[in-house]
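Right, one structure below, let's go through it.
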Amino acid sequence: MTSGAPVARALLPRSAVIDERGRLLIDGCDVDQLARTFGTPLYVYSETELRARCREYRDAFGVDAVSYAGKAFLCVEMARLVAEEGMHLDVATGGELHVALRAGFPAARVVFHGNNKSDDELRGALEAGVGRIVADSFDELDRIEALVGDGARAPRVLIRVTPGVEAHTHEYIATGADDSKFGFTVANGTAREAAVRVAKSDAMTFVGFHCHIGSQILVLESFARAAAVVTELAGEVARDTGAPIDEINLGGGLGVPYTADELDAPTIAEFGREVRANFTDACATFGLDPLPALTVEAGRSIAGPAGITLYTVGTIKEIPGVRTYVAVDGGMSDNPRPATYGAEYEAAIPARIGARRPLVATVAGKHCEQGDLLVRDAHLPADVAVGDVLITPVTGAYGYSMASNYNLVPRPAVVFVRDGEPRVVVRRETLDDLVARDRLESEGD
Ligand SMILES: Cc1ncc(COP(=O)(O)O)c(C=O)c1O
């Protein structure tokens, strides 16, 4: 990062504007004012950025080729937006499926994931008529067959495989290597065995293969290697069984820039071009004809850059010769990524968004953990003060969805902004919400 420079525009939603008073507007809404109106911490999403990113994916891969991965950020209104944008939707649990169905999301466009789907989750998915199930284990295939034996509708199934590809990312979010809890291993033959079983089963329709090698991937070469492994396997299974391979899903995982040092990250369009070209080559190499549909499922690269989190500065502690802590009213409960895997962000003050940021300080949360640090070496204006609203850009993915009530801090509200209009799409949790599931009367009452 250029020391002391204002936050890079490319880290803000594309609707970001600096007004004549130096204040940040997103989708026509004054960000500092949003904090004053709705309180902090607060998740704010630019609706135009969310929709633009869905469209970029559709342009890059084609209509019907892209699912939004709900795990990145899902609520009823987000599911509606994804439906309006004509996308498919990945869910990874019965809970995510419930939210999708409550939003009226068409079940036929839902893709159901999970390495340990319960009977209830599978039953619910089959009853709802989800479009595809991504099967992850032989135990799951047993369960599907038993449910269909009991009268459930036979699902369309993709086999999730681990292709033995190491993605360049944090080990907690790398999923494609052989040592993974997900899917069937290609190298030891279980992926092939599972595919042959599904292709021959009367309880399932075999659709093809799925693989997801990890998340926050900035080096596209890993996708090419995964495509080669999966298409080779698909070619073998097609020859062995005569079953057509309708679809190969190469997962999600495109990374996004979180800091000014990462601004050369590949764009959605580049990702599309590269992955499509590699896929077509690999299909030709391994004799896959007709060409299966190439599908992907993107989470972070749709939701991440569209969201910012707003906090209020509560205390500033300067330890001369050591560091300055700027403490805000949220932290690891609304964004666990820095504490969990050392994720880096930037910070800025929206009321003075164009100001230089010469002060290097640590933005700390309010939780009872020394590790509750949101931005270890944040650049901030020298005059940052108690009461300032502070934002962390690019926090639209895996913040709200991974939020907790640690230290019994109520979870923030979610606001969508568009055309100068903010609307609360998830209300802030209240203190009473925190005891809503507790037994409140004492024993014997
Ligand atoms: C199976 C699967 N698909 C898609 C995604 C979305 O990945 P990303 O948010 O990096 O695009 C994930 C995330 O971990 C995943 O596990």
Side-chain angles (χ1 to χ4, degrees), residues 50 53-54 56-58 60-61 65-74 78 82 87-93 96-97 100 110-117 130-137 140 157-163 165 167-177 180-184 191 208-220 222-223 226-227 230 247-258 262 265-268 270-272 275 294-307 335-337 340-341 343 394-402:
L50 287 171
R53 287 177 171 271
C54 292
E56 281 171 48
Y57 261 105
R58 281 197 342 241
F61 287 94
V66 187
S67 300
Y68 169 67
K71 67 193 65 148
F73 163 62
L74 192 64
M78 183 62 184
V82 171
M87 314 269 284
H88 293 239
L89 176 66
D90 267 22
V91 299
T93 63
E96 289 181 0
L97 176 61
V110 171
V111 184
F112 191 36
H113 280 275
N115 70 305
N116 181 19
K117 305 177 189 75
V130 302
R132 282 157 288 173
I133 293 197
V134 180
D136 218 277
S137 69
E140 181 179 342
V157 170
L158 290 160
I159 292 293
R160 177 163 181 172
V161 306
T162 40
V165 170
H168 302 279
T169 189
H170 193 284
E171 65 169 306
Y172 289 6
I173 50 176
T175 55
S180 166
K181 72 170 186 165
F182 294 104
F184 298 93
F209 293 94
H210 171 282
C211 85
H212 172 80
I213 54 175
S215 200
Q216 185 53 13
I217 299 171
L218 299 169
V219 181
L220 297 181
S222 315
F223 290 100
V230 180
E247 175 179 346
I248 292 184
N249 185 322
L250 290 182
L254 175 63
V256 296
Y258 283 101
E262 294 175 323
T267 63
I268 294 169
E270 287 163 352
F271 176 56
V275 169
L294 166 65
T295 54
V296 293
E297 47 197 31
R300 183 190 313 269
S301 49
I302 291 177
N335 183 1
R337 295 186 68 254
T340 312
Y341 26 75
V394 202
T395 40
Y398 304 106
Y400 171 81
S401 63
M402 294 177 93

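Counting convention: from 1, in listed order, for ligands and their atoms alike. These numbers come from the heavy atoms of this one structure, side chains and all, not from hydrogens, waters or symmetry mates. For this chain, numbers begin at 1 and follow the sequence in order.
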Considering only heavy atoms of [X], which atoms of ligand 1 have at least one such atom less than 4.0 Å away?
X	result
H113	1 (C)
S215	7 (O), 8 (P), 9 (O), 10 (O)
G253	7 (O), 8 (P), 10 (O), 11 (O)

N/O to N/O below 3.5 Å, does that happen between [X] and ligand 1?
X	value
R160	no
G214	no
E297	yes
K71	yes
A69	no

Distance, nearest 0.5 Å, that separates [atom1] of [X] from [atom2] of [Y]:
X	Y	atom1	atom2	answer
T340	M402	OG1	CE	5.5 Å
H88	R132	NE2	CZ	5.5 Å
R53	M87	CZ	CE	11.5 Å

Any non-hydrogen atom of S301 lying under 4.0 Å from ligand 1?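 Outside the 4.0 Å threshold, so no.
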
Residue-ligand contact A298/ligand 1, heavy atom below 4.0 Å: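 Distance cut 4.0 Å: A298 passes for ligand 1.
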
Determine whether the aromatic ring centres of Y398 and F73 lie less than 6.0 Å apart.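 Ring centres of F73 and Y398 not closer than 6.0 Å.
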
For the residue pair Y57 and Y68, is the inter-centroid distance of their aromatic rings smaller than 6.0 Å?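 That pair fails the under 6.0 Å test.
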
Is the cationic atom of R300 (NZ for Lys, CZ for Arg) positioned less than 6.0 Å from the six-membered ring centroid of Y258 and within 45 degrees of its normal?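 Verdict for Y258: no cation-pi partner in R300.
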
Can you tell which part of R300 has a heavy atom less than 4.0 Å from ligand 1: side chain, backbone, both or neither?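 For R300, the contact with ligand 1 is made by both the backbone and the side chain.
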
Using a 4.0 Å heavy-atom threshold (strictly under), name the region of Y398 that reaches ligand 1: side chain, backbone, both or neither.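 For Y398, the contact with ligand 1 is made by the side chain alone.
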
Are L254 and L220 packed together at the side-chain level, in the sense that at least one heavy-atom pair is separated by less than 4.5 angstrom?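 Yes, close enough: below the 4.5 Å cut-off.
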
Given side chains that start at C-beta, do those of E96 and T93 come closer than 4.5 Å, heavy atoms only?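 Heavy-atom side-chain distance check passes, below 4.5 Å.
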
